[in-house]
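Worksheet: one structure, shown below.
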Amino acid sequence: MNCPGCLKENVETYCDKCRKKLFGGRKVNHILTFSRPEFNEAKIERSERLSISGIQVKHSLKLESNELVLTEKGGEYILKPIPSGQFRNLDAVPANEHITMQMASQVFELPTAENALIFFSDMQQAYITKRFDILPNGRKLLQEDFAQVAQITEETAGKNYKYDYNYEHIAELLQRYVGAYNIEVEKYFKIILFNFLVCNGDAHIKNFSIYRNEDYKDYLLTPFYDLINTALHIPGERDTALELFKDGFMTEGYKFSTNYSRDDFYEFGNRIGIKHTRITKIFEEMTNGEDEIVKLVNKSYLNDALKTEYLDLISKRRERLLYSYSTDKET
Ligand SMILES: [Zn+2]
């Protein structure tokens, strides 16, 4: 099989590297000791305590010797099984999140939460991620998502508060609270481009967080999490979860097509204080890596039809990232 962590070929379970990164080197099997129906029953008994807020049901796990067990307290991992609902291809949600996260880290070297696919004993897939706010010694880092940083909640900003915001405002908050802004803002710019490339239309304000680094005593962006191609599940999904600009600004290209393309992201990079040469460099990085992406997606746990659909969607987005209305419209 391909390693359900890094997708390395011809292994029996998680490869050694993944065991080290995910489980501190312990020999954890990629098959859980309980089935999905057993999990659902356990969940019903303790549903309120076990669930972490969010649309998708999530559950905490911890390691007991070499075994992952459900837990109410001291969870070190979050398990996200196949969700139920109206959208299409829901069976593929765990594999989609997994390949999207792996692409972010393996192809684009974006910092991401450690993650893998895991299987219930009836072989149903789930996605597992290791909490990055808990240190090996058990201490919890001080962490806030950007809704908390911006001090907005459903009560103060309405039902749609996670989406009634924009990426430029988040960058302003980043500048206010993060000393190493010049470094962190490039990661932030990269993830915005990445989300566009992979059709992640759900990168809302709570999907970005900062935490206090114990060594530097400064706030930094946390590793990225919840990266998924939402277009595989929601037809007609929006291009970006939030608008780029805080003031409703529109480039000529946007006015013409009402779609974001190169000019919009350039303007965005400019506004958040990234030098022109660095914007160009980051654009190059984010529109390259095509061969690596194809290889990795083909090793993923998506079915063949979804692999093809995913790669087609990326190609279309890449074209849009390369297209500049201001310079290409005449040609
Ligand atoms: Zn691996």
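Predicted, not measured: the structure shown is a model, and the values here were computed from it. Both ligands and their constituent atoms are indexed starting at 1 by order of listing.
Identified under the ring-ring contact (aromatic ring centres under 6.0 Å, His included) test for residues 88-110, with sequence neighbours left out: Phe108-Phe194.
The pair Glu319-Lys316 fails the salt-bridge criterion, with no side-chain N (NZ, NE, NH1 or NH2) lying under 4.0 Å from an Asp/Glu carboxylate O.
In this structure, a donor-acceptor pair under 3.5 Å is present between the side chains of Thr327 and Ser324. Asp264 and Tyr325 share no donor-acceptor pair across their side chains, judged by distance under 3.5 Å alone. Side-chain contact of Thr230 with Glu237: a donor-acceptor pair under 3.5 Å is present, judged by distance alone.
Distances shorter than 2.8 Å separate the Zn ion (ligand 1) from the protein N/O/S atoms Cys3 SG, Cys6 SG, Cys15 SG, Cys18 SG.
Taking the six-membered ring wherever Trp is involved, the centroid distance between the rings of Phe39 and Phe120 falls below 6.0 Å.
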